[in-house]
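Below: one structure, written as structure tokens.
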There are 2 protein chains.
Amino acid sequence: MNGGVRMTSEARRKSILAAAIAIFGSRGYVGTTTDEVARAAGVSQTYVVRLFGTKEKLFLAAHEHVVERILEAFRDAVHGESTRGRSERMGTAYIELLADRGLHLTLHHAFLLGGDPVIGEAARKQFARVWRFLREEAELSVEEARDFLARGMLVNTLVGLRLIDDYGTDPAVTEVFRACFPADVRDIAERLPRVGDAW
Amino acid sequence: MNGGVRMTSEARRKSILAAAIAIFGSRGYVGTTTDEVARAAGVSQTYVVRLFGTKEKLFLAAHEHVVERILEAFRDAVHGESTRGRSERMGTAYIELLADRGLHLTLHHAFLLGGDPVIGEAARKQFARVWRFLREEAELSVEEARDFLARGMLVNTLVGLRLIDDYGTDPAVTEVFRACFPADVRDIAERLPRVGDAW
DNA sequence: ATTGCTTGTAATCAGCTGATGACATCACGG
DNA sequence: CCGTGATGTCATCAGCTGATTACAAGCAAT
């Protein structure tokens with residue numbers, strides 16, 4: 001180790017996972033190198049591979065962690081409240097999760113990996129799990145669940161495009177942005193990853 | 001050349017572009033090799049690079065082609081008709097475009113490349129162009145345009161996930177699928193790319 | 001302090017991939 | 001029939017990347 005501290009492998013796994021989510025979200029599965037994740041986490045490339053086995057397993061772990069975190073936030077949002085307004089509260093919770101760098105985009109990258117025999121299988125399972133949550137736990141109707149998901153996918157798209165860069169400059173972009181983000185969380189949204197960001 | 005025919009470079013460009021869209025859609029920008037595109041188009045890897053300059057320029061050409069085609073389909077869908085029902089007609093047109101292998105997913109991959117200095121810039125420009133089309137030419141309200149786009153992103157997600165594989169098996173997946181695809185185009189949707197597909 | 005387990009790195013490598021440059025083949029006008 | 005431009009391939013290569021192996025260093029208990 002260099003200047004780093006010695007950790008339990010469990011703590012190290014967590015810190016590597018956080019780095020992996022940030023970078024997978026930015027560069028995608030194929031575009032991410034285990035070395036970049038390692039440097040972001042302050043360990044050697046070989047150690048990342050050792051702790052997680054393969055890059056594929058690292059991605060699967062990151063992906064699962066992301067879904068857990070999102071469902072957890074959704075649960076908090078609908079907890080104990082009346083049925084009305086659940087979509088809106090979950091929507092706000094979803095936007096607030098943007099503070100977790102790479103969360104939404106790691107998920108979204110997984111959505112495009114359906115053709116991968118291993119990751120695709122996992123991604124479909126997790127997607128179905130989210131749908132069941134919306135229908136059963138959040139008690140949304142089919143149409144509500146569909147529209148909620150759709151809105152989420154659009155948010156992911158805007159984030160992935162780094163469209164915030166043109167917010168305030170291009171009128172069309174400003175309009176989309178205002179239409180997709182509730183006014184009370186716009187300040188959070190404005191602290192989104194930008195083009196010039198390291199990741 | 002091997003068993004292939006000699007073409008004008010213009011015709012060759014078109015056939016390479018079609019192959020590129022199919023494969024970029026399946027594997028993404030980073031995950032696609034120029035060699036795979038070349039073999040799908042029946043030419044050598046070096047010729048693909050020669051005709052388009054770089055892999056990046058090939059992707060940009062594919063991406064632009066995709067957007068042109070989609071806007072063209074949207075234009076046909078709204079052409080001369082009353083304002084009412086335009087979203088639905090464009091939605092149907094969008095689903096029918098699924099017959100063009102890789103079209104939607106090449107677009108969607110570009111949405112996740114916002115961090116790329118070259119491709120991201122182009123992707124944002126094209127996205128803004130689509131939004132302006134929806135607002136100005138298709139004359140949708142801000143909310144209609146947003147909801148239309150959102151639905152499109154959800155469709156892209158289902159396609160990218162190859163979720164059709166679980167249609168009819170997993171009740172949750174069957175439900176999502178029915179909620180997102182109009183009944184009259186479901187047969188088209190059911191001929192979507194599957195997990196086992198070559199691309 | 002010696003043993004043994006955990007945390008971690010350095011060295012290395014085989015395979016892949018985009019790109020370059022030299023060369024081959026075809027069509028066609030004069 | 002010959003020259004010239006266009007269409008295309010083959011050989012090659014440098015750079016990157018995930019993974020393996022060997023090795024080092026710290027901690028804990030006997």
Could you go through nucleotides 19-26 of chain D and list every protein N or O atom that sits under 3.5 Å from one of its N or O atoms, giving the distance for each pair?
| residue | atom | partner | partner atom | Å |
| --- | --- | --- | --- | --- |
| D:dA19 | OP2 | A:K55 | N | 3.0 |
| D:dA19 | N7 | A:Q45 | NE2 | 3.0 |
| D:dA19 | N6 | A:Q45 | OE1 | 3.1 |

Contacts table for residues 92-99 of chain A: side-chain donor-acceptor under 3.5 angstrom, sequence neighbours left out:
| residue | atom | partner | partner atom | Å |
| --- | --- | --- | --- | --- |
| A:T92 | OG1 | A:E88 | O | 3.1 |
| A:Y94 | OH | A:N156 | OD1 | 2.6 |
| A:Y94 | OH | A:N156 | ND2 | 3.2 |

Measuring to OP1 and OP2 of [N], would you say a side-chain N or O of [X] lies under 4.0 angstrom away?
X     : N     : answer
A:S9  : C:dT6 : no
A:Y47 : C:dT9 : no
B:R12 : D:dG8 : yes

Looking at [X] and [Y], does any basic side-chain N land under 4.0 Å from a carboxylate oxygen?
X      : Y      : value
A:D35  : A:R39  : yes
A:E175 : A:R178 : no
B:R162 : A:D116 : no
A:R186 : A:E190 : no

In whole angstrom, give the distance that lies between atom [atom1] of [X] and atom [atom2] of [N].
X     : N      : atom1 : atom2 : answer
A:R27 : D:dG18 : CZ    : P     : 13 Å
B:R13 : D:dT7  : CZ    : C1'   : 14 Å
A:R39 : D:dT17 : CZ    : P     : 9 Å
B:F52 : D:dG8  : CZ    : C1'   : 15 Å
A:M7  : C:dT9  : CE    : P     : 11 Å

Contacts under 3.5 angstrom, residues 59-68 of chain B side chains, donor-acceptor by atom type, not counting sequence neighbours:
| residue | atom | partner | partner atom | Å |
| --- | --- | --- | --- | --- |
| B:E68 | OE1 | B:R129 | NH2 | 3.1 |
| B:E68 | OE2 | B:R129 | NH2 | 3.4 |

Stepwise side-chain contact (heavy atoms from CB on, under 4.5 Å) test for A:L163 and A:F177: CA-CA 8 Å; A:L163 208 69; A:F177 190 73; over 6 Å; no
side-chain contact (heavy atoms from CB on, under 4.5 Å) assessment of B:V37 paired with B:F52: CA-CA 12 Å; B:V37 171; B:F52 287 87; over 6 Å; no
Output field: ring centroids B:F181/B:Y167 closer than 6.0 Å: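 Aromatic pair excluded; centres sit 6.0 Å or further apart.
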Between N or O atoms, less than 3.5 Å apart, protein on one side and nucleotides 1-3 of chain D on the other: list the pairs.
none

The helix from C:dA1-D:dT30 to C:dG30-D:dC1: angle between end helix axes, five pairs per end, rounded to 10 degrees: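 End-to-end axis angle for the helix from C:dA1-D:dT30 to C:dG30-D:dC1: 10°, rounded to 10°.
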B:Q45/B:E36 under side-chain contact (heavy atoms from CB on, under 4.5 Å): CA gap, chis, key distance, verdict: CA-CA 8 Å; B:Q45 180 260 337; B:E36 197 176 1; over 6 Å; no
Contacts of type salt bridge (Lys or Arg N to Asp or Glu O under 4.0 Å), residue B:R146, not counting sequence neighbours: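 For B:R146 there are no salt bridge (Lys or Arg N to Asp or Glu O under 4.0 Å) partners, ignoring immediate neighbours.
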